[in-house]
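Keep in mind the model is a prediction, meaning the values are calculated, not measured. For the numbers below, each heavy atom of this structure counts, side chains included, while hydrogens, waters and symmetry mates do not.
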Amino acid sequence: MFRKYINKFENGIVWSQQKLTNKQFLFLSSVLVGISVALAVIVLKTFAHWVFAFATYLNGILKLSFINSILPIIGILLTVFVVKKVLGGTIEKGTSQILYAVAKNASIIPKKQMYAQIITSSLTVGLGGSAGLESPIVITGAAYGSNYAQKYKLSYKDRTLLIGCGVAAGIAAAFNAPIAGVLFAIEVLLVDVSISAFTPIMIAAATGALVSAIALDETILLSFKQQQTFNYHNIPYYLLLGLLTGFIAVYYSRNFQKTERFFARLKLKPYKKALFGASMLAVIIFVFPTLFGEGYESIKTLSENDPGKLLENTLFSEFRDNPWVLLLFVGAAIMLKVFATGITLGSGGNGGNFAPSLFLGSYVGFFFSKLLNLTGLTQLPVSNFTMVGMAGILSGLFHAPLTAIFLIAEITGGYDLMIPLMIVSSIGFAISKKFERHSLDVKNLAKKGHAFTSNKDTNILSTLETEKIIQTDYLTISSGENLEKLVDLISHSNQVIFAVVNFEKELQGIVHFNDIREIIFSNFKVKYTTVKEIMSAPGEVVYPTDSMETVMHKFEKSKAAFLPVLKNDKYYGFISKSVALEAYREKLKSLSIE
């Protein structure tokens, strides 16, 4: 019965595709993708909130965070079980897979990502794993957009655009922040969209935010009602906070990857690795319960008038009203958050770094402002610094300053903090960019030599295959021949360059027509000059395994128009710079999103 209604709905979409123009159908599709993604967000957020409420209730009875330590172990083990038994033994984590799909896989994302991220992240984060739901939400949104486009046979450009719609709707629904959703999709994923492509993405983001606002309780979303007036006299302190968040972002990025590599090198079976990592996480969460789950409730607590509530139901509850103990607790949580998240994901759990970046930023902002206030150096608005700090870390980790600025502006309910947000976000980004060339999600792709959409040229070149641009039908000549043979070859071909090879097809040199232009008009020189006398060594040599980015670097370095290709140390053919550039132009034209 249910399937019957689905078929009718899909038939209705097919009918509308036939009746509407392509642009109109894209607008309709952006609404449908936005609704689908928002529903997924509602399921994830609601489940995570229920578990957190349940754990909080039990902690109130037990007076210690025993339950907080048990639930993450269960969650990570269940995640590993689902991955092994339901998802074929593997699952891609992190938004880098979207970047890879757009750059290298024609914007095709596997169908299983439409449900795999929801199931696994809800188990991991919902049951207390110290990670975030936003990255799984983004991947799910991208998968919805891609698979919707595949089902209705849309082009690569439209597939990519609907991936952006899914991503924007996911962020918009998760935070009720449509502008931030649009900016994240464009700033992080689709860096080369035209103005006309904004419309479907904006429609999807608005749809996602609207559905989320209607269906989700406001307490489930990260939002703030209290903030103090911006005082321009505090600008020097916001500058210092920007520097601090930038360095903390670098600290987080490097140690997160070290933690993941540690678990990747462990020679343990999946369940043993999960139990080992989850047990470590359980100990950390037992001492620092605020590291349980996404941590959004503790962010709200820090921004309110009574941050001491953070110590309730912890080992330090008797120091609830001691501001220095609270400050030490917050500082320790800052340093440990990266390891809690790295252990969660490295041991087999699924989640992302978006929520941890907001958690870390709020704690850094609180620590910085509270420390200065306690020392008596100044009196800073702690709630403002707590909120602005989130923008600094988010901008530094994801290299997305605009997203950071507008996300915090939207979840704080206004733009009164726009100036400090711009200051902290831009400085945090600049410091992080100085020490970390790539954002946290792009680093792994870059290390593997894959494309990343933050660099358009690299992105496009990576889609070209060097093997397909090599021309193997060039005529060759041996070094012992005189120029009569070479002149004969020139007169019967269109070649301007020749490879000089021996009997074993080993490259000995090259001869360009320009090198012999003056000689060929002298019969004596043509008859008595050998090829060996006028050949030259190639400036660079290309191999079929070279990436096209490497090939273009070799062209740039050698200043040559042709480069010889060697395969298994034998002459194989030539690559023409003009042919390579033409392939680049054609690919650029096909990948442009209009």
Side-chain angles (χ1 to χ4, degrees), residues 96-110 146 149-150 153-160 163 190-192 442 445-477 489 493-501 504-507 509-513 538-594:
S96 59
Q97 61 184 284
I98 305 175
L99 308 179
Y100 184 83
V102 171
K104 295 280 284 181
N105 204 29
S107 291
I108 293 174
I109 297 175
S146 174
Q150 292 175 59
K153 297 179 172 58
L154 301 183
S155 66
Y156 167 80
K157 294 177 185 178
D158 293 341
R159 280 198 305 276
T160 306
I163 283 177
L190 311 179
V191 294
D192 292 311
V442 169
L445 287 181
K447 284 182 178 179
K448 294 175 184 176
H450 295 319
F452 44 93
T453 54
S454 58
N455 186 318
K456 181 179 71 175
D457 288 335
T458 300
N459 205 6
I460 295 172
L461 286 172
S462 71
T463 64
L464 302 177
E465 295 181 33
T466 302
E467 185 77 50
K468 292 184 178 180
I469 301 175
I470 299 171
Q471 295 168 279
T472 58
D473 57 349
Y474 276 63
L475 300 173
T476 62
I477 193 168
L489 291 177
S493 72
N494 295 321
Q495 288 181 220
V496 295
I497 193 165
F498 295 84
V500 182
V501 298
E504 284 77 33
K505 281 287 185 179
E506 293 172 334
L507 182 67
I510 57 173
V511 177
H512 197 285
F513 175 72
E540 293 284 344
V541 173
V542 172
Y543 301 91
T545 53
D546 285 347
S547 67
M548 277 306 298
E549 187 179 15
T550 300
V551 172
M552 295 310 294
H553 280 310
K554 289 182 177 181
F555 272 121
E556 184 68 26
K557 185 178 178 180
S558 64
K559 307 298 181 186
F562 297 87
L563 288 177
V565 182
L566 299 184
K567 186 175 184 180
N568 299 322
D569 295 326
K570 309 286 186 182
Y571 166 76
Y572 184 61
F574 276 99
I575 283 187
S576 165
K577 187 176 184 180
S578 63
V579 171
L581 290 174
E582 182 59 32
Y584 172 89
R585 282 190 289 268
E586 287 297 319
K587 181 60 70 172
L588 175 63
K589 185 178 178 182
S590 70
L591 294 183
S592 299
I593 303 171
E594 300 170 356

Grab the two heavy atoms, one from [X] and one from [Y], that are nearest each other, plus how far apart they are.
X    : Y    : result
S146 : R159 : O-CD, 4.3 Å
T466 : P544 : CB-O, 3.9 Å
I109 : A101 : CG1-CB, 3.8 Å
Q495 : D473 : OE1-O, 4.2 Å
L563 : F555 : CG-CE2, 3.6 Å

Residues in side-chain hydrogen bond (donor to acceptor under 3.5 Å, both in side chains) with S578, at least two apart?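 S578 satisfies side-chain hydrogen bond (donor to acceptor under 3.5 Å, both in side chains) with S576 only.
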Taking side-chain hydrogen bond (donor to acceptor under 3.5 Å, both in side chains) as the test, write out the residues that go with T550, two or more places apart. S547
Quick one: sort the F562 and H512 rings into parallel, tilted or perpendicular, breaks at 30° and 60°.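 Tilted: the ring planes of F562 and H512 meet at 30° to 60°.
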Run the numbers on I108 and Q150 for side chain to side chain contact (heavy atoms under 4.5 Å, CB included), then give the verdict. CA-CA 8 Å; I108 293 174; Q150 292 175 59; 3.6 Å; yes
Report, one line per pair, each donor and acceptor closer than 3.5 Å where one atom sits in a side chain of residues 564-575; sequence neighbours left out.
| unit_1 | atom_1 | unit_2 | atom_2 | d |
| --- | --- | --- | --- | --- |
| K570 | NZ | E504 | O | 3.2 |
| Y572 | OH | E467 | OE2 | 2.8 |

Once side-chain contact (heavy atoms from CB on, under 4.5 Å) is applied, do any residues pair with L581, and if so which ones, sequence neighbours excluded? M552, K577, R585
Please collect all salt bridge (Lys or Arg N to Asp or Glu O under 4.0 Å) contacts where either partner lies in residues 554-564, sequence neighbours excluded, each pair once. E540-K557, D546-K554, E556-K559
Gap between atom CD1 of I510 and atom OG1 of T476 - 0.5 Å precision: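 Going from the OG1 atom of T476 to the CD1 atom of I510 covers 13.5 Å.
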